[in-house]
Asks: 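Before anything else, here's the structure in question.
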Number of protein chains: 2
Amino acid sequence: MSLDINKISVKNSLSSCFGTGLDSISGGDEFLSLLANHADEVNITADNYLLNEGELAEYVYIPISGSVMLERTASNGSRQVYAFLFTGNILGLSTSSIASYNFSAKALSDLSAIRISRQLLEDFFRRSFEISKKYHTRTEIVLSAMLDHLFVMGQRTAHQRLAHFLLDMENRLFCHKGQYNLPMSRQDIADYLGMTVSTACRGFTALKRKGWISIASNSLITIHDKDALEHYITD
Amino acid sequence: MSLDINKISVKNSLSSCFGTGLDSISGGDEFLSLLANHADEVNITADNYLLNEGELAEYVYIPISGSVMLERTASNGSRQVYAFLFTGNILGLSTSSIASYNFSAKALSDLSAIRISRQLLEDFFRRSFEISKKYHTRTEIVLSAMLDHLFVMGQRTAHQRLAHFLLDMENRLFCHKGQYNLPMSRQDIADYLGMTVSTACRGFTALKRKGWISIASNSLITIHDKDALEHYITD
DNA sequence: CGGCAAGATTGATAAATGTCAATTTATGTT
DNA sequence: AACATAAATTGACATTTATCAATCTTGCCG
């Protein structure tokens, strides 16, 4: 199956997130072309699951359009959202090739993604050490991002965590003059940051009152004072 | 330099921790022997740092005796402890070969560790895909453990997190009839679990009052009712 | 063995966050 | 545009956790 590589955005290469730019794992165009010739394209509609925790981890995915949320739900119903992934991010990194997925992936919007068999990926790695190295460096970057998130979760207040999240999204989403659209609900944000929806809402309100952000239509966020936010999250 | 491989414990292979058993990354004895012939041994005394955040990441370490704590301290003094590592655990996994350490490693006790150059490790990987695969599977297991910890941090109360920690330590430390010695201070535990020392202490007291644990001498813990603890942490 | 210093525990209180219900606002449909 | 529905926000109150100081315990060292 053929695929137009140019469709894959290389934005979102930054910071505390699971996936980062596809560009960063390529061993030059050679790798991308290789993948493109062996990748399927999958499409699912909003609110459906691309994969489920516990399923045999057969594929790695890269969203072409739309966004995805990685999550785990416990038996008592509590849910932790692990990450939000956007176009060009890689999904499936954290799963060993012999094991099953340790999270579920839910589409936040209608989604197109390319899908590469882990077996095939492994064959590429076997043939090219350089490609293997790029890919594994990428995994290590994800681990590093997890450390950042863990720090914030353990050492910051609910409102600070929210401010941190908004700055992170400003880096990763398409943003014009400090304005961007959040693709996830308040509940998703709350479950990502380990707080209730009420607390998340009060956080938004608090940041608005300080004049650091404004909210036009629930999902449309404008950052007015990035410096203040950055200072706020470090205490 | 020569090294007695038998000194390296293969316990601690379980659960939510950074490093896990060295056995799991070996490509059979061949790999261990290879490393042993190229490894240095380093020794440092309790409370000193094996490596510091920001330093060029030149080595991977494996403690032979003693234990280590990985941590990050922010400019305002708040500290997140990322992991406790014991003998046989691998230290340095989460750092890309071209970057610097993204945490510091502090000895909890007098420590001996073997030290392998990342450059050398990479040479091994280049030569043997199988060794590379084992190593990177190990990294993915660490990432998976981080997800477990993140879930607990985001979705559980302070006392539940403490109970979870005590069960984890029971798996990983030398334990006889439910009794084991914690090598870290209350402050370290609190910083690992994202709470204050006071809250950690109250947690210990609460678990004692329920009759699920007892504490002989601050560091000597006995688990009396593992089932109750396991039920407690899932709500 | 006694005394000291550091670490651990507890108490009183304040602050942060959760709970649950009411209300408001946004979104999608005719 | 009006409605219906779901999502977001807020208020009142309960619970959890932090803060800070006092007290107790442990481990260490002479």
Side-chain angles (χ1 to χ4, degrees), chain A residues 45-47 69 76-81 108-110 152-166 181-209 213-221 232-233 235, chain B residues 45-47 69 76-81 106 108-110 152-166 181-210 213-221 232-233 235:
Chain A
T45 53
D47 296 327
M69 170 173 61
N76 71 342
S78 69
R79 179 183 72 147
Q80 178 66 39
V81 170
L108 285 167
S109 57
D110 290 355
V152 171
M153 293 289 281
Q155 303 303 320
R156 296 295 177 238
T157 67
H159 291 193
Q160 286 176 317
R161 297 202 295 279
L162 185 66
H164 190 269
F165 168 77
L166 290 175
N181 251 288
L182 288 176
M184 71 293 285
S185 71
R186 296 291 190 268
Q187 182 67 63
D188 297 335
I189 296 170
D191 288 348
Y192 177 64
L193 298 173
M195 63 185 72
T196 61
V197 181
S198 303
T199 300
C201 277
R202 288 184 232 274
F204 275 112
T205 303
L207 297 177
K208 277 193 289 191
R209 292 233 173 92
I213 67 168
S214 61
I215 301 179
S217 70
N218 277 351
S219 72
L220 190 59
I221 307 293
Y232 178 66
I233 64 180
D235 219 356
Chain B
T45 53
D47 295 326
M69 170 173 62
N76 71 341
S78 68
R79 179 183 72 145
Q80 178 66 38
V81 171
K106 186 178 185 178
L108 286 167
S109 56
D110 289 356
V152 171
M153 292 291 280
Q155 303 304 318
R156 297 295 177 236
T157 66
H159 290 193
Q160 287 177 317
R161 297 202 294 280
L162 184 66
H164 190 269
F165 168 78
L166 290 175
N181 251 288
L182 287 176
M184 72 292 286
S185 71
R186 295 292 189 267
Q187 183 67 62
D188 296 335
I189 296 170
D191 288 348
Y192 176 64
L193 298 173
M195 63 185 72
T196 61
V197 182
S198 303
T199 300
C201 277
R202 289 183 231 276
F204 275 112
T205 303
L207 296 177
K208 276 193 290 190
R209 293 232 173 93
K210 289 176 204 277
I213 67 167
S214 62
I215 302 179
S217 70
N218 276 350
S219 73
L220 189 59
I221 308 292
Y232 178 66
I233 65 181
D235 220 353

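These figures come from a predicted structure and were not determined experimentally. First the proteins, then the strands, lettered A, B, ... as listed; each starts at 1.
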Asks: Counting heavy atoms from C-beta on, name the nucleotide in C:dT9, D:dA18, D:dT9 closest to the side chain of B:Phe204.
Replies: C:dT9

Asks: Starting at CG of B:Asn181, measure out to OG of B:Ser217 and round the result to the nearest 0.5 Å.
Replies: 6.0 Å

Asks: Scan residues 181-207 of chain A for pairs that pass salt bridge (Lys or Arg N to Asp or Glu O under 4.0 Å), counting only residues two or more places apart or in two chains.
Replies: A:Arg79-A:Asp188, A:Arg79-A:Asp191

Asks: Does A:Arg161 reach the main-chain N or O of A:Arg156 with its side chain, forming a donor-acceptor pair under 3.5 Å?
Replies: yes

Asks: So which of residues 152-163 of chain A are in contact with DNA chain C, with a heavy-atom cut-off of under 4.0 Å?
Replies: A:Thr157, A:Ala158

Asks: Extract from the structure each pairing of a protein N or O with an N or O of nucleotides 1-6 of chain D at less than 3.5 Å, listing the distance.
Replies:
none

Asks: Does B:Ser217 put a side-chain nitrogen or oxygen below 4.0 Å from OP1 or OP2 of D:dT25?
Replies: no

Asks: For nucleotides 11-14 of chain C, print each protein N/O atom paired with a nucleotide N/O atom at under 3.5 Å, atom names and distance only.
Replies:
unit_1, atom_1, unit_2, atom_2, d
C:dG11, N7, B:Arg202, NH1, 3.1
C:dG11, O6, B:Arg202, NH2, 2.8
C:dA12, N6, B:Arg202, NH2, 3.3

Asks: side-chain hydrogen bond (donor to acceptor under 3.5 Å, both in side chains) with A:Thr205: which residues, sequence neighbours excluded?
Replies: none

Asks: Quick one: pull up CZ in B:Phe204 and CG in B:Asn218 and give me the separation to the nearest 0.5 Å.
Replies: 9.0 Å

Asks: At what distance, to the nearest 0.5 angstrom, does CD1 of A:Ile215 lie from CG of A:Leu166?
Replies: 7.5 Å

Asks: For the residue pair B:Lys106 and B:Asp47, what are the closest heavy atoms and their distance?
Replies: CE-O, 3.6 Å

Asks: Could you state the CG-C1' distance from A:Leu220 to C:dT25, rounded to the nearest angstrom?
Replies: 15 Å

Asks: List, with names and distances, any nitrogen or oxygen atoms from the protein found under 3.5 Å away from nitrogen or oxygen atoms belonging to nucleotides 4-8 of chain C.
Replies:
unit_1, atom_1, unit_2, atom_2, d
C:dA8, OP1, B:Arg186, N, 3.3
C:dA8, O3', B:Asn218, OD1, 3.3

Asks: Grab the stems for DNA chain D, please: at least three consecutive Watson-Crick or wobble pairs, both distances below 3.5 Å, written as range with range.
Replies: C:1-30 with D:1-30

Asks: Report yes if a side-chain nitrogen or oxygen of A:Thr199 is closer than 4.0 Å to either non-bridging phosphate oxygen (OP1 or OP2) of C:dT17; otherwise report no.
Replies: no

Asks: Between A:Met184 and A:Ile189, is there a side-chain heavy-atom distance shorter than 4.5 Å?
Replies: yes

Asks: What pairs with B:Ser198 under side-chain hydrogen bond (donor to acceptor under 3.5 Å, both in side chains), at least two apart in sequence or on another chain?
Replies: none

Asks: Kindly give the heavy-atom pair with the smallest separation between B:Asp110 and B:Thr45, and that separation in Å.
Replies: OD1-CA, 3.3 Å

Asks: If we only count heavy atoms from C-beta on, is the A:Gln80 to A:Met153 side-chain gap below 4.5 Å?
Replies: yes

Asks: Listed by chain and number, what are the side-chain hydrogen bond (donor to acceptor under 3.5 Å, both in side chains) partners of A:Ser109, not counting sequence neighbours?
Replies: none

Asks: Could you state the atom-to-atom distance from CG of A:Asp191 to C1' of D:dA8 in whole Å?
Replies: 15 Å

Asks: Can you sort out the partners of B:Asn76 under side-chain hydrogen bond (donor to acceptor under 3.5 Å, both in side chains), two or more places apart, ordered by chain and number?
Replies: A:Asp235, B:Ser78

Asks: What are the two closest heavy atoms between A:Leu162 and A:Gly203, and how far apart are they?
Replies: CD2-C, 3.4 Å

Asks: Looking at residues at least two apart in the chain, or sitting in another chain, which of them share a ring-ring contact (aromatic ring centres under 6.0 Å, His included) with A:Tyr232?
Replies: A:Trp212

